[in-house]
Amino acid sequence: MKGSRVEQFAEALDLGTTKAVRSASVAKTVGRVHTLNAVFDGKVEAARNYAAQVKSYVLDNLHDLLLEFEKNCKANSITVHWAKDAESARKIILGIVEKNTDKDSPIVKAKSMATEEIHLNHALEEAGYHPVETDLGEFVVQLDGDTPSHIVTPIIHKTKEQVAETFAQHRIGPPSHSPEELTMQARDYLRGKFQKAKVGISGVNFGIAQTGRIVLVENEGNNRLSTTAPDVHIALMGIEKLLVSEDQLPVFLKILGGSATGQRLTTYVHLISGPRRADETDGPKEVHLVLLDNGRSRILNGPYQDILRCIRCGACLNVCPVYRQASGHGYGHVYSGPLGAVLAPALEGVEAMGDLAKASSLCGACEEVCPVKIPIPHLLLELRNEAVRKGADRSQIPWQWFGMAAEDSRKWKAGLSLLPLAGGLPNPATKGWDEHHTRPEKQGRDFRRWWRDRA
Ligand code: SF4
């Protein structure tokens, strides 16, 4: 995270970025309404209520359901690992990687916010390995040395011309501005990586407690190749991503596809039941599942528990007026938008990330679209209160000064007379903003003098 939060948001407020983010997020928001109405035959509220109830049940019974899931995964020959934090998750994954691949072979990665959360690529690269992002958007992000700007569509902030420029710089293929041509270039490039990789890494969309199966959804086919072409598949899953049974899947698959991209269903849905069986000719020889806590147990037992219902659809980002202006980069965390404004401080503490809770107009649009009915504005207010209670909200200091002056007319007048002098001084509270914006010049006389002269 660089600079102050104000600085981050100010930097992200680039006109080109805002235009790209706004047009894509508006299109997805419109698509979402049409698709959900169509797939649920107008009964979208009933579907949202059902999804919210299922996820609440999962959270209320998480301990038992996780043990059931572990038992059934093991019965499916999936090796289960428990990671209490990001560091232990990285250590577990690096241990599996070291045993199963050399440093010349690529490691193919499917899109996964959990791996972003634990900064896995950085750890793999530091250890001398070569992770390759195989989701098209993530691939561009990796080539650019950038970070994802959206949890579903990582390059929502980029135009096709910028992608073409990146591909040309990295000689992925001959210069082209055609999205189809660029996609084919990435496909050819990545195909070679899939063929050479000995380890593939993915996230998990849902884990099914009763059957011990891992569910992945995607549109590009790269998840399938990442999880089946290499001999070893490692899946990283947040412990809250459970469903109880496969009967619950149809509603969740429809509500996720519709809310995320306005699709009735994603192009691919994978139900992974373990490594290849003796009579099967393909698939991985080993499947490892890493169950990641990293602060989730703490959230589960606190006032922000509802955020753990999140299914990472991104609908709240698409509809948020703050996100549409600033894009994901303004938030300075892997989780952005209204989801990130709650989850980032809930995971990392209000002392570190509490000011993100103020990156919201509290218009309530996020709660209206959330497929699992998370009361995001309520959680944001609770986080703001906690930040004030803990003295972590430094923006209160100017208000405290204001309060002191406003209570005493002599102090107020003295303050006003000093204001013209202070106007030219650098203001630490608005430093980041001032670097990117010009303040308007003061015009005309001040009101008090005008009032006095008039009398
Ligand atoms: S908080 Fe709700 S709307 Fe936002 S990503 Fe999560 S499930 Fe989707």
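The structure presented is a predicted model; accordingly, all values stated were derived computationally and were not measured. Just so you know, ligand 1 is whichever comes first in the structure, and atom 1 is the first atom listed for that ligand.
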Classify the ring geometry of Y50 against F252: parallel below 30°, tilted from 30° to 60°, perpendicular beyond 60°.
tilted
I want to check something: taking the side chain as every heavy atom from C-beta on, are E220 and L136 in contact at a cut-off of under 4.5 Å?
yes
Do T115 and N121 have side chains that approach each other closer than 4.5 Å (heavy atoms only, starting at C-beta)?
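Of all side-chain heavy-atom pairs linking N121 with T115, none is under 4.5 Å.
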What protein heavy atom is closest to atom 7 (S) of ligand 1, reported as residue, atom name and distance in Å?
I311 N, 3.4 Å
Between D306 and R309, does at least one N-O distance fall below 4.0 Å, as a salt bridge requires?
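Answer for the salt bridge query: yes.
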How many protein N, O or S atoms sit closer than 2.8 Å to atom 4 (Fe) of ligand 1?
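That number is 1, waters not included.
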R312 to Y335, cation-pi by 6.0 Å centre distance and 45° axis angle:
yes
With sequence neighbours excluded, what pairs up with H233 under the ring-ring contact (aromatic ring centres under 6.0 Å, His included) test?
none
